[in-house]
Each structure stands twice: as C-alpha cells, then as structure tokens.
Amino acid sequence: MTGEALIVLENVNKWFGPLHVLQDVDLSVARGEVVVVIGPSGSGKSTLCRAINRLEPINSGTIIFDGQPLPAEGRALARLRSEVGMVFQSFNLFAHKTILQNVMLGPIKVRKEKAAVVRDRAMSLLERVGIANQADKYPAQLSGGQQQRVAIARALAMQPKALLFDEPTSALDPEMVGEVLDVMTSLAKEGMTMVVVTHEMGFARHAADRVVFMADGQLVEQAAPEEFFANPRSDRAKDFLSKILTH
Ligand SMILES: Nc1ncnc2c1ncn2[C@@H]1O[C@H](COP(=O)(O)OP(=O)(O)OP(=O)(O)O)[C@@H](O)[C@H]1O
C-alpha cells in the first residue's frame with residue numbers, strides 16, 4: 001500500500017425513492033489497498049460498490065478516481081469502466097461465446113487492441129485462474145466457480161487499476177467458494193486495489209487491509225481486520241458479528 005488515494009468518495013448520497021441508501025458516505029481507498037465491505041443485508045453495500053463505477057448514479061457528493069472526478073458519460077466514462085473492473089455475483093458471461101472469447105472481448109471492442117496480443121494475455125490470465133484447458137468451452141459447460149474465475153480473468157484482461165467485487169461468491173455452491181477466494185487472495189497479495197463486498201468473514205480477516213462495516217446506508221466503523229474482529233466498537237457491528245459468526 002502506498003497511501004496515495006485511488007478512489008475517494010466524499011459526502012456521497014443515494015436515494016431509491018424515499019429510501020436513503022447511502023448517507024453522507026466518505027471513503028478513501030489507497031492504491032494497492034484491499035477494502036472489504038461488510039454489513040447486514042440491505043445496508044447499501046452493493047449500491048456503494050456500483051456507485052464507484054457509475055453503474056448506479058448518485059444524488060449528491062463526489063467520487064474521484066485516480067485524481068479525476070467520476071465522469072457521467074461519454075468517452076471518459078468508457079475509460080473509467082475499463083480502469084475499474086467489476087465482478088458480480090452472477091458471472092454475466094456471454095453464453096454464446098467461448099471462455100476465451102469472453103475474456104478477449106473487452107480489450108478488442110472497448111480498447112481496440114489487436115486480437116493476437118489480447119489472445120496471449122487472455123490465455124495467460126486463464127492459466128492464472130486455472131481454466132486454460134477450458135478456453136474453447138462455453139460458459140454453461142463450466143461450474144459456477146470456474147465461471148466466476150473466468151469473470152475475474154475477463155476483468156483483468158482490461159488491465160484495470162482497481163477491481164470491485166460485489167458478493168462474488170454468494171451464488172456459488174459452498175465447495176466452489178474457496179477456489180474463487182484463492183484467486184482473489186492472490187490478487188490482493190500482488191497489490192491489486194480492491195473493494196470487495198462479501199459475507200466471507202475468513203476472506204475479510206486474511207486478505208483485507210481494512211474492513212468497512214456498513215449499516216443503514218452509513219459507514220459505521222472501519223478498522224484493520226484484526227482490530228475490527230477482536231474489538232468492534234459499535235453495537236450494530238457487535239450484533240452483526242455475533243449473528244454471522246455463530247451461523
Ligand atoms: N434499484 C433499486 N430500486 C429500489 N431500491 C433498491 C434498488 N437497489 C437496491 N435497493 C434497496 O436499497 C437498499 C440497499 O440495497 P443494497 O443492495 O445496496 O444492499 P446490500 O447491503 O448490498 O444488501 P445485500 O447484502 O442483501 O446484497 C435495500 O433496501 C434495497 O432493497
């Protein structure tokens with residue numbers, strides 16, 4: 001971690017109708033930092049994650065990425081989306097394209113890179129996530145854990161400056177969760193800047209630089225994982241942890 005901020009949210013507010021889902025949110029993520037966002041269902045974690053690359057418009061406040069205010073549209077937004085990869089709960093792969101084509105698509109379509117260059121990068125990323133031998137298959141032929149690893153390779157193919165994960169293991173059968181978390185842990189160790197919304201407390205403990213606890217649209221507290229899990233300060237965090245850790 002260098003300490004230099006890559007993602008900065010200042011006073012961010014978001015309403016869904018009368019529901020105030022992000023309430024004056026301030027958050028700064030340093031280059032190379034891994035921030036894990038936890039909290040009860042409906043507390044605004046996904047909305048926060050989606051706001052960072054403008055999948056969700058905000059009502060007020062500022063989001064700065066790599067020194068620039070978040071663009072609303074046009075080329076600058078396309079550039080932002082290519083610099084901030086996102087991995088979703090549902091893998092969102094193109095069903096009628098092969099695994100390799102899925103990984104190659106973004107750099108070719110969005111960044112107009114040459115296919116030969118992209119193919120080499122895509123194959124080495126598939127190698128890295130342990131799926132190179134499935135490159136010519138279609139998503140439906142892979143398990144959920146394998147598809148999510150492809151989705152991570154696809155995000156990496158754009159050579160992003162940061163990766164956002166929105167509950168990446170929530171749709172997986174339990175035996176596949178570990179293989180996806182292993183890939184994420186190795187990215188974290190290599191210094192990728194990551195914001196991860198998850199209910200996986202083991203990942204939060206071992207891979208996070210900082211845990212952010214959200215409840216009712218607010219960042220209630222944040223601390224290094226060893227400090228947060230040993231000594232949560234707010235009653236809401238204590239209550240949340242006692243429920244989730246005894247589950
Ligand atoms: N498109 C939408 N329209 C209306 N309300 C929404 C929309 N998206 C989310 N919400 C509401 O906003 C609140 C925050 O949702 P969000 O998905 O960000 O929470 P979360 O903390 O990620 O929850 P979970 O852990 O269950 O995924 C919830 O009450 C949710 O029902």
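Every number for a ligand or one of its atoms is a count from 1 in the order of the listing.
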Interfacing atoms of ligand 1 (cut-off 4.0 Å, heavy-atom, Thr47):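 Going through ligand 1 atom by atom, the ones under 4.0 Å from Thr47 are 15 (O), 16 (P), 18 (O).
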Return yes when at least one protein heavy atom is under 4.0 Å from atom 30 (C) of ligand 1, and no when none is.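 So far as the 4.0 Å threshold goes, atom 30 (C) of ligand 1 is out of reach of every protein heavy atom.
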Salt-bridged, Glu113 to Arg121, with N to O below 4.0 Å?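 Looking at Arg121 together with Glu113, the answer is yes, because their closest N to O distance falls below 4.0 Å.
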Do me a favour and list the nearest non-hydrogen protein atom to atom 14 (C) of ligand 1 with residue, atom name and distance?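 Protein heavy atom at minimum distance: Gly42 O, 3.4 Å.
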Within-shell test, Gly44 vs ligand 1, heavy atom, strictly < 4.0 Å: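 A heavy atom of Gly44 does come that close to ligand 1.
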Does Arg119 have more than 12 heavy atoms from other residues, nucleotides or ligands lying within 6.0 Å of its CZ?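 Not buried by this count: 12 neighbours or fewer within 6.0 Å.
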From CD (Glu226) to NE2 (His206), nearest 0.5 Å: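 Nearest 0.5 Å value for the CD-NE2 distance: 10.5 Å.
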Checking a contact table here: which protein heavy atom is nearest atom 12 (O) of ligand 1, and how many Å away?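 Checked against all protein heavy atoms, atom 12 (O) of ligand 1 sits closest to Val21 CG1, 2.9 Å.
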Minimum-distance protein heavy atom relative to atom 1 (N) of ligand 1: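 Of every protein heavy atom, Phe16 CE2, 3.5 Å lies nearest to atom 1 (N) of ligand 1.
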In terms of relative ring orientation, are Phe240 and Phe213 parallel, tilted or perpendicular, with 30° and 60° separating the classes?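 Tilted.
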Pro107 and Ala157: which non-hydrogen atoms are nearest, and at how many Å?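 For Pro107 versus Ala157, the nearest heavy atoms are CG-O, 3.4 Å.
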Return the OG to CZ distance between Ser28 and Arg210, rounded to the nearest 0.5 Å.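 Separation between the atoms: 6.5 Å.
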Considering the heavy atoms of Ser46, write down every atom of ligand 1 situated less than 4.0 Å from one of them.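 Result: 17 (O), 18 (O), 20 (P), 22 (O), 27 (O).
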Any protein heavy atom sitting closer than 4.0 Å to atom 16 (P) of ligand 1?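 Within 4.0 Å of atom 16 (P) of ligand 1, protein heavy atoms are found.
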Atoms of ligand 1, numbered as shown, that sit under 4.0 Å from any heavy atom of Leu19: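 Every atom of ligand 1 under 4.0 Å from some heavy atom of Leu19: 11 (C), 12 (O), 29 (O).
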Taking only heavy atoms of His199 into account, list the atoms of ligand 1 that are under 4.0 Å away from them.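 What qualifies from ligand 1 is 25 (O).
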With the threshold set at 4.0 Å, does a side-chain nitrogen-carboxylate oxygen contact exist between Glu190 and Arg128?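 Salt bridge present between Glu190 and Arg128.
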Under 4.0 Å from any heavy atom of Glu167, which atoms of ligand 1 are there?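 Close to Glu167: 24 (P), 25 (O), 27 (O).
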To the nearest 0.5 Å, what is the distance between CG on Leu187 and OG1 on Thr193?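 Reported value, rounded in 0.5 Å steps: 11.0 Å.
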Salt bridge check: are Asp166 and Lys45 linked by an N-O gap of less than 4.0 Å?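 Salt bridge flag = no for Lys45 with Asp166.
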List ligand 1 atoms under 4.0 Å from Pro40, heavy atoms only on the residue side.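 Near Pro40, the atoms of ligand 1 are 21 (O).
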What residue and atom, counting heavy atoms only, is the protein's closest point to atom 26 (O) of ligand 1, and at what distance?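 Looking at atom 26 (O) of ligand 1, the protein heavy atom closest to it is Ser41 OG, 2.6 Å.
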For atom 25 (O) of ligand 1, what is the closest protein heavy atom, and at what distance to 0.1 Å?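 Residue, atom and distance for the closest contact: Lys45 NZ, 2.8 Å.
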Number the atoms of ligand 1 from 1 as they appear, then name those within less than 4.0 Å of a heavy atom of Ser43, with their elements.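 Numbered from 1, ligand 1 contributes 19 (O), 20 (P), 21 (O).
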Do other residues, nucleotides or ligands put more than 12 heavy atoms under 6.0 Å from the CZ atom of Phe94?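 Result for CZ/Phe94: open.
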